[in-house]
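Data first, discussion second: the structure below is written as structure tokens.
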Amino acid sequence: MDKNEELIKVANRRYATKKFNPDKKISDKDWQTIMEVARLSPSSMGFAPWKFLLIENNDLKKDLYDHAWGAQNSLDGADKFVIILAKKNVTPTSKYVQHISEDVQNHSFDPNSAFVAKLQDFQDNDFKLNDERTLFEWSARQTYIPLANMMDAAATLDIDSCPIEGFNREQVENILKKYNAIDLNEWGVSVMAGFGYRDQDITPKKRQPMDEIYKVIK
């Protein structure tokens with residue numbers, strides 16, 4: 001099997017698992033690999049405005065259950081249940097951008113630099129990121145990149161997963177706050193995912209044909 005066939009095999013292997021086997025566990029090595037793939041994921045400007053919460057507290061899971069209807073199958077059986085947070089208010093002169101610039105990217109940070117001006121122009125004019133909501137939504141969109149990479153990595157390792165948007169964000173955030181798992185001034189809940197081993201068969205994917213979703217502009 002060549003690399004192209006292998007990639008398509010993995011794409012078909014990845015399945016939004018509805019029923020997990022609670023008795024099967026992911027090895028530490030495999031899980032660390034999945035998380036390293038998440039960490040290495042790309043993001044706009046390289047800001048990586050995300051944080052991953054691995055939920056192992058059973059009381060917290062019970063509290064989440066009624067407010068995360070899309071996560072109930074994962075909460076019941078997935079070995080790993082992850083909530084991905086998105087960073088709030090990532091503005092050009094925010095402390096977060098300064099931290100990423102100086103401590104991660106090893107660049108000196110100058111609020112009067114051409115980079116900051118360009119980022120301000122991008123947010124103000126190109127993408128109209130001009131309030132708390134649009135800034136959060138921009139960060140939340142970034143979190144779907146590591147989510148997708150985590151699921152593909154899992155499928156490559158014959159591990160199953162399920163992405164989850166079925167939850168009440170406000171209720172989930174309040175529960176996480178109760179457990180001191182989130183600073184709501186800095187972070188908001190973006191998306192969830194369960195990882196483990198399925199207790200069901202994979203059904204063939206039903207997708208639109210290529211000619212309906214792909215167009216070459218010459």
Side-chain angles (χ1 to χ4, degrees), residues 1-42 50-86 140-169 171-173 175-176 179 181 189-210 212-213:
M1 183 182 299
D2 65 22
K3 290 183 178 180
N4 296 290
E5 292 173 323
E6 288 178 4
L7 285 170
I8 298 302
K9 181 181 178 180
V10 169
N12 279 293
R13 168 66 180 77
R14 190 219 50 79
Y15 177 70
T17 300
K18 309 302 186 296
K19 186 179 181 182
F20 288 92
N21 183 340
D23 297 322
K24 295 191 69 174
K25 306 301 181 183
I26 299 171
S27 73
D28 290 342
K29 182 178 180 180
D30 284 351
W31 183 245
Q32 290 303 316
T33 296
I34 291 169
M35 287 309 307
E36 182 66 2
V37 167
R39 189 183 74 87
L40 293 172
S41 295
W50 50 60
K51 183 177 289 187
F52 304 87
L53 303 182
L54 177 60
I55 308 300
E56 295 184 338
N57 184 303
N58 288 328
D59 291 332
L60 173 52
K61 288 182 178 181
K62 289 177 183 178
D63 285 351
L64 288 171
Y65 200 85
D66 289 338
H67 304 289
W69 51 269
Q72 290 175 353
N73 291 325
S74 292
L75 289 167
D76 282 337
D79 182 43
K80 308 294 185 185
F81 181 72
V82 177
I83 297 176
I84 306 179
L85 308 182
R141 288 197 298 271
Q142 309 304 311
T143 69
Y144 283 72
I145 302 173
L147 171 64
N149 289 342
M150 291 169 74
M151 293 189 297
D152 282 342
T156 301
L157 296 169
D158 282 328
I159 294 168
D160 297 286
S161 63
C162 184
I164 300 157
E165 278 192 329
F167 56 89
N168 183 299
R169 174 179 283 133
Q171 294 292 340
V172 169
E173 289 179 344
I175 291 167
L176 291 175
Y179 284 83
V189 171
S190 175
V191 67
M192 305 174 176
F195 294 87
Y197 293 93
R198 69 183 186 277
D199 194 13
Q200 62 179 142
D201 293 330
I202 294 177
T203 57
K205 285 181 168 44
K206 297 178 181 179
R207 299 290 190 269
Q208 298 176 77
M210 187 66 75
E212 289 187 14
I213 65 165

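The structure displayed is predicted, hence computed values, not measured ones.
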Tell me which donor-acceptor pairs under 3.5 Å the side chains of residues 54-62 have, and how far apart each pair is, sequence neighbours excluded?
from	atom 1	to	atom 2	distance (Å)
N57	OD1	D59	N	2.9
N57	OD1	L60	N	2.9

Sequence-distant partners of [X], side-chain contact (heavy atoms from CB on, under 4.5 Å), two or more places apart:
X: P209; answer: D211, E212
X: K206; answer: none
X: I213; answer: Q208, M210

How long is the gap from [atom1] on [X] to [atom2] on [Y], to the nearest 0.5 Å?
X: K18; Y: D199; atom1: NZ; atom2: CG; answer: 14.0 Å
X: T33; Y: I26; atom1: OG1; atom2: CD1; answer: 11.0 Å
X: L85; Y: F52; atom1: CG; atom2: CZ; answer: 9.5 Å
X: L53; Y: M192; atom1: CG; atom2: CE; answer: 10.0 Å
X: T17; Y: I202; atom1: OG1; atom2: CD1; answer: 7.0 Å

(message) For a 4.5 angstrom cut-off between non-hydrogen side-chain atoms, does W50 reach S190?
(response) no
(request) List for me each residue that meets salt bridge (charged side-chain N to carboxylate O under 4.0 Å, His left out) alongside D63, sequence neighbours excluded, and say none if there are none. (result) K178
Identify each donor-acceptor pair in which a side-chain atom of residues 2-11 lies under 3.5 Å from a protein atom, sequence neighbours left out, and give them as a table.
from	atom 1	to	atom 2	distance (Å)
D2	OD1	N4	N	3.1
D2	OD1	E5	N	2.8
E5	OE1	D2	N	3.0

(message) For K29, is the NZ atom crowded, meaning more than 12 foreign heavy atoms sit under 6.0 Å from it?
(response) no
(request) Return each pair, listed once, that meets side chain to side chain donor-acceptor pair (under 3.5 Å) where at least one residue sits in residues 66-79; pairs must be two or more places apart or across chains. (result) Y65-D76
(request) For the pair K24 (side chain) and G196 (backbone), establish whether a donor and an acceptor sit closer than 3.5 Å, ignoring hydrogens and angles. (result) no
(message) With a 3.5 Å distance limit and no angle check, can you tell me whether K205 reaches the backbone of R14 through a side-chain donor-acceptor pair?
(response) yes
What pairs of donor and acceptor atoms, side-chain ones from residues 156-167 against any protein atom, are under 3.5 angstrom apart with sequence neighbours left out?
from	atom 1	to	atom 2	distance (Å)
T156	OG1	D152	O	2.9
D158	OD1	R13	NE	3.3
D160	OD1	R13	NH1	2.8
D160	OD1	R13	NH2	3.4
D160	OD1	R198	NH1	3.3
D160	OD2	R198	N	2.8
E165	OE2	Y144	OH	2.3

(request) Over all heavy atoms of both residues, which pair between Q200 and K19 is shortest? Give the atoms and the distance, please. (result) OE1-N, 3.0 Å
(request) Determine which pairs satisfy ring pair (Phe, Tyr, Trp, His ring centres under 6.0 Å) with at least one residue from residues 15-39, sequence neighbours left out, and list them in order. (result) W31-F195
